Amino acid sequence: MIIGNDPILLTPGPLTTSAATKQAMLRDWGSWDAAFNAMTASICKDLVDVVNGTASHVCVPLQGSGTFAVEAALANLVPRDGKVLVANNGAYCQRMLRILKYLGREHSSVDVAEDKQATAAMIEGALKMDPRITHVAQVHCETGTGILNPLAEIAGVCARNGKGLIVDAMSSFGAIEIDVAKTPIDAVVAASGKCIEGAPGMGFVIARKALLENSQGNSHSLAMDLHDQWTYMQKTTQWRFTPPTHVVAAFRAALDQFKAEGGTSARGARYRRNVDTLIDAMSALGFKTFLPKSVQSPIIVTFHAPADPAYSFKAFYEKVRARGYILYPGKLTRVETFRVGCIGAIDANEMRNAAAAIGETLKEMGIKSAAPEKVAA
Ligand SMILES: *Cc1c(COP(=O)(O)O)cnc(C)c1O
């Protein structure tokens, strides 16, 4: 799966892509070319299928990283006089709150500890207390820690209370089942370079068609205007503005491999095996996970840093990198951690090898125990 001596990315986007996905980028495409535009249309169709949304939803692709698509979804699907609730249990929830502030959309948050799930009950409580809330913006898998939030229950509460629901499914789309025919969701937002295992560079919003059609004039920004992107694409088959052609071609190849692997359930199962293998091997070295197993997603694992004074993340990172694996720094302020992504064109074997590289690194750094300072139960 690796080419030459490229290190394996254990970062949840960009991530390690297959040779076939990389090869798909070795060709230039014209943005007016019918074959290129047919490719975009086929990608959009397949993405809507992933969440079983063909009867109700449409896909609008957008140039940029995942955050661009999250921002566009909030800007387009929340009317200017709307108010958005965010149950905040991590960095990407905080990012949505920052986006809402920039957009000038009213918002409020329920603050949740980073190792605790957002719950339907806490969201329902907040909705009852503030009837001005019109929408909930929910991160499905909070990649900041790796915690999985209970999306179906939260969607149920939103529907019962007549509130819109916009889901940042960036790190879960394609790995954890989302079925918009069963689970009422206004918009699912994700990007090319996560669990579909494409190259980074385009996001997409799978929105309820009726809502998107009614969203004209909501966007503060031309480049982020999903209604405009959608209507232009319907009319011309083309992207507004230069498309990320190579990224689109790689995404097409990645989606073909995703389907061949068996779709969301097969991919999710491979990632789950990756996570389980990693946690077993790291536990054998003495590492402790930040999250209890019951809320751990099959996407990324946060480990406590060793308390040993010989540990520093920078040196640790460099030495693990020299052995061929790229780790991810922690995103928590309270405790010293690091993260290991388990997604991408990698399997349990790579997870075992990564843990072996980490074990050798501990020895080289003279770290006798990987045990953390003190783990709150
Ligand atoms: C990756 C990710 C994003 C988008 O981040 P970008 O750096 O803009 O690609 C948003 N939300 C979650 C949960 C993510 O994992």
Side-chain angles (χ1 to χ4, degrees), residues 9-17 47 51 61-75 77 84 86-100 102-103 109 112 114-115 117-118 136-151 154 165-176 178 185 187-206 221 223-224 226 244 247-248 250-251 254 267-268 271 275 290-291 295-302 326-332 337 339-344:
L9 300 181
L10 301 177
T11 56
L15 40 65
T16 295
T17 59
L47 292 173
V51 294
L62 187 69
Q63 299 93 330
S65 83
T67 304
F68 290 63
V70 174
E71 183 161 323
L74 291 168
L77 300 173
V84 183
V86 177
N88 173 10
N89 64 346
Y92 290 95
C93 303
Q94 281 150 32
R95 189 175 296 178
M96 290 206 295
L97 289 165
R98 279 191 82 197
I99 289 171
L100 290 162
Y102 267 81
L103 293 176
S109 65
V112 189
E114 284 178 305
D115 57 352
Q117 288 178 310
V136 170
Q138 181 63 50
V139 174
H140 188 195
C141 170
E142 173 48 81
T143 323
T145 55
I147 197 167
L148 187 64
N149 287 310
L151 184 58
I154 290 167
L165 174 60
I166 294 164
V167 178
D168 172 350
M170 206 66 63
S171 64
S172 58
F173 185 93
I176 300 166
I178 300 172
I185 298 173
V188 176
V189 188
S192 54
K194 300 263 174 146
C195 299
I196 302 295
E197 302 181 358
M202 66 171 274
F204 52 90
V205 179
I206 298 171
S221 149
M224 298 262 154
L226 294 179
V247 173
V248 171
F251 200 28
R267 182 142 303 179
Y271 291 169
V275 162
F290 174 71
L291 294 174
V295 299
Q296 171 66 56
S297 69
I299 306 298
I300 181 168
V301 185
T302 299
I326 304 245
L327 301 173
Y328 216 39
K331 240 188 201 307
L332 303 176
T337 56
R339 291 177 292 166
V340 184
C342 297
I343 66 177

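Whatever order the structure lists ligands and atoms in, that order sets their numbers, starting from 1. Every value quoted in this text rests on a predicted model; they were computed, and no experiment measured them.
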Go through ligand 1 atom by atom and flag the ones less than 4.0 Å from a non-hydrogen atom of [X].
| X | result |
| --- | --- |
| T143 | 12 (C), 13 (C), 14 (C), 15 (O) |
| C141 | 13 (C) |
| G66 | 4 (C), 6 (P), 8 (O), 9 (O) |
| S65 | 6 (P), 8 (O), 9 (O) |
| T67 | 4 (C), 5 (O), 6 (P), 8 (O) |
| S171 | 15 (O) |

For the residue pair [X] and [Y], establish whether any side-chain heavy-atom pair is separated by less than 4.5 Å.
| X | Y | result |
| --- | --- | --- |
| I99 | V70 | yes |
| V84 | V136 | no |
| F173 | K194 | no |
| L148 | Q296 | no |

If we ignore hydrogens and angles and just use 3.5 Å, is the side chain of T11 paired with the main-chain N or O of Y328 as donor and acceptor?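 Flag not set: sc T11 to bb Y328 has no pair under 3.5 Å.
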Any side-chain to backbone donor/acceptor pair from Q138 onto D168? Under 3.5 Å, distance only.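 Not a single qualifying donor-acceptor pair exists.
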Yes or no: does [X] have any heavy atom under 4.0 Å from an atom of ligand 1?
| X | answer |
| --- | --- |
| R95 | yes |
| E142 | no |
| D168 | yes |
| G64 | no |

Could you tell me the residue and atom name of the protein heavy atom closest to atom 14 (C) of ligand 1, and the distance to it rounded to 0.1 Å?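 Of the protein heavy atoms, K194 NZ, 3.0 Å lies nearest.
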Could you find the nearest protein heavy atom to atom 3 (C) of ligand 1 and give me its residue, atom name and distance?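 Result for atom 3 (C) of ligand 1: M170 CG, 3.3 Å.
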Do R267 and E197 sit within salt-bridge range, that is, some charged N less than 4.0 Å from a carboxylate O?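 Between E197 and R267 there is a salt bridge, with a charged N closer than 4.0 Å to a carboxylate O.
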For ligand 1, which part of A191 has a heavy atom less than 4.0 Å away: the side chain, the backbone, both, or neither?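 Answer for A191: neither.
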With sequence neighbours excluded, what pairs up with T302 under the side chain to side chain donor-acceptor pair (under 3.5 Å) test?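 By the side chain to side chain donor-acceptor pair (under 3.5 Å) rule, T302 matches no residue at all.
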Looking at every heavy atom in both P200 and P14, which two are closest together, and how far apart are they?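 Of all heavy-atom pairs spanning P200 and P14, the closest is CG-CB, 4.1 Å.
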Any N or O on V70 sitting closer than 3.5 Å to an N or O of ligand 1?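 No, V70 has no N/O under 3.5 Å of an N/O on ligand 1.
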